Student: 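One structure, pasted below without further comment.
In each ligand, atom 1 is the first atom listed, and ligand 1 is the first ligand listed. Just so you know, residue 1 is the first one in the sequence shown, and it goes up from there. These numbers come from a predicted model, not from an experiment.
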Amino acid sequence: MTSVFLNGISKQYPGAKPSVSNLTVTIEDGEFFTLLGPSGCGKSTTLRMVAGFIQPTSGSIHFGDKDVTNTAPNKRDTGMVFQNYALFPHMSVRGNVAYGLDVRGVGRQEKAKRINAALAQVGLEELGDRRIDMLSGGQQQRVALARALVIRPAALLLDEPLSNLDAKLREETRTEIRSTQKAAGTTCLYVTHDQAEAMAMSDRVAVLNAGELHQVASPRVVYNRPATAFVAKFIGRSNVLPCTVLGVDGGSVSVRLADSTVLKAPRVEGTISARVSAGDQAAVSLRPESIALAINPGPEEAGKLTGRVVTAEFTGAVNIYEIDWQGQRIVVSAPDSFDRAEPGDLVAMAPHQDRVWMVEP
Ligand code: ADP
Ligand code: MG
C-alpha cells in the first residue's frame, strides 16, 4: 500500500507523436484512481510505465518516497490484471493464483493460507481445483484479480479488465472489483475507455486525450465542471457552444453566443472562467438535460436560442432531440411528459441558469 506519484512522465517512440506527454498526477494511498480516455490516448502506456514494463522517455515514478523509475518490474511490488487475463489455461485456479508466490519463494504453509484468503476475497473458494479452461469469463476475471491480490501488492494495476465480459456481468463485476479493492485497502490504478465504468468505480478520474492530461477530479466534478470541451463531450453528452466574453463581475462571466443570446456562467477559481476577460473567444458547455424546450415560441422567447427540430427519438424515460441551431446540432433531452416536439418544429431552448459551464475550447 502506497501512494504513486507520476512526475512529468513522457513516452515517445522514435518517429511518432508522444504517446504520453508530461503527465503529472498523484494517486493517494488506498485510492481507486482511473485513467480514462479514447483508444490510443496513452492509458496502457502509462500503466506499463508504472509497472516497469516500459521505461519513460523523461520524468520519474515514485511509490511513496521511493523513486522506482529504474527499478525492475518484479521489484516494484505491483499486481497487474490484463484485458485478456493472461492465465495458464491448463492449470488449476490455485496453480494460477500461486504463480506470483512461487516466483517470490513464499513457503508452503504461508502460500496455502494466502491463496485461500485471495480466493475468498473474490468469492472463488469452491473452485480452487477447477481448470481455467473450465471456467466462465467472469470467473476467469476473478482468478486474474485473485492472482494480482495474493502478492499483496503496493499498487494494483488493471488494464481494461472488464472488456471481455458481456454488459450485465460487466456491471456486476465492476461493483465487486471496487468493493474488493476497498476492503483490501490497496492503491488501485485502473484503465478504461468506458466513461460509465470510470464514473461508477473511481474515487478520482484522470481524463486523457492524445497523450495529454485534460482533467483530474472526482466523477461528479468531471461531469458537472468539465475543464475542457473534450472532457465535456467525452463524459456523457454535451453541447459545446462557442461564445464571446462580454464581461466579468465578481461571481460570474457573461458571454454572447453566435445568435446574440446572452448567458451567464459561474466564475470559479482554478478554471478557465477565472482567466478570461471581455472580448475573449471562449466556449460554454450545456448538458442535454439542462436545457428546457418551448415549442413554437412566442415573441418573448424568439431570438433566445431558437432552432428547428431535426430528429426526435423516444428512448423510454426521455425524448432526445437534435436541434439545428446556427448550423450546429444541439442535443436536448426532455422527459416524455413534456409536450412532444416533432421534426420541423421551431423550438426555443432555455438553458437552466445555474447549469451553464465555461470550458476551454
Ligand atoms: P490506449 O491504451 O489508451 O488505447 P496506448 O497507450 O496503447 O493507448 O497507445 C498510445 C499511443 O502510443 C498510440 O498512438 C499507439 O499507437 C502508440 N504506441 C503504443 N505502443 C507503441 C510502440 N511500441 N511503438 C510505437 N507506438 C506505440
Ligand atoms: Mg490500452
Student: So that I can tick it off, tell me whether Arg308 and Glu322 are bridged by a salt bridge, with the cut-off set at under 4.0 angstrom between side-chain N and carboxylate O.
Tutor: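 So Glu322 does not pair with Arg308 through a salt bridge.
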Student: Would you say atom 10 (C) of ligand 1 touches the protein, meaning some protein heavy atom is under 4.0 Å from it?
Tutor: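 Protein heavy atoms within 4.0 Å of atom 10 (C) of ligand 1 - there is at least one.
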Student: Ignoring hydrogens, what is the shortest heavy-atom contact between Thr69 and Pro56? Give both atom names and the distance.
Tutor: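 For Thr69 and Pro56, the tightest heavy-atom pair comes out as CG2-CG, 4.2 Å.
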Student: Which of these passes side chain to side chain contact (heavy atoms under 4.5 Å, CB included) with Leu156: Thr187, Leu145, Thr78?
Tutor: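 Running side chain to side chain contact (heavy atoms under 4.5 Å, CB included) over Thr187, Leu145, Thr78 with Leu156 returns exactly one hit, Leu145.
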Student: Please state which protein non-hydrogen atom is closest to atom 26 (N) of ligand 1 and give its distance, to 0.1 Å?
Tutor: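 For atom 26 (N) of ligand 1, the nearest protein heavy atom is Tyr13 CD1, 3.3 Å.
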Student: Closer than 2.8 Å to the Mg ion (ligand 2): does that hold for any N, O or S atom in Ser44?
Tutor: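 Checking the Mg ion (ligand 2) against Ser44, an N, O or S atom does fall under 2.8 Å.
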Student: With atoms numbered from 1 as shown, which atoms in ligand 1 lie under 4.0 angstrom from a non-hydrogen atom of Thr45?
Tutor: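 Under 4.0 Å from Thr45, ligand 1 has these atoms: 5 (P), 6 (O), 9 (O), 10 (C).
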Student: Which heavy atom of the protein is the closest neighbour of atom 17 (C) of ligand 1, given with residue, atom name and distance?
Tutor: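 Nearest neighbour among protein heavy atoms for atom 17 (C) of ligand 1, to 0.1 Å: Ser19 OG, 3.5 Å.
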Student: Show the numbers, then the answer: is there a ring pair (Phe, Tyr, Trp, His ring centres under 6.0 Å) between Phe33 and Tyr190?
Tutor: CA-CA 6 Å; Phe33 190 96; Tyr190 189 92; over 10 Å; no
Student: Any heavy atom of Ala16 closer to ligand 1 than 4.0 angstrom?
Tutor: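 Checking ligand 1 against Ala16, which is what was asked, there is no heavy-atom contact under 4.0 Å.
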Student: So, Asp203 and Lys182, do they make that salt bridge, N to O below 4.0 Å?
Tutor: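 Between Lys182 and Asp203 there is a salt bridge, with a charged N closer than 4.0 Å to a carboxylate O.
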Student: If you measure from the Lys or Arg side-chain nitrogens to the Asp or Glu carboxylate oxygens, is any gap between Lys43 and Asp159 under 4.0 Å?
Tutor: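 Salt bridge absent between Lys43 and Asp159.
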Student: List the closest protein heavy-atom neighbour of atom 7 (O) of ligand 1: residue, atom name, distance to the nearest 0.1 Å.
Tutor: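 That would be Ser44 CB, 3.8 Å.
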Student: Tell me the protein heavy atom at minimum distance from atom 4 (O) of ligand 1, and give that distance in Å.
Tutor: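 Looking only at protein heavy atoms, the one closest to atom 4 (O) of ligand 1 is Gly40 N, 2.6 Å.
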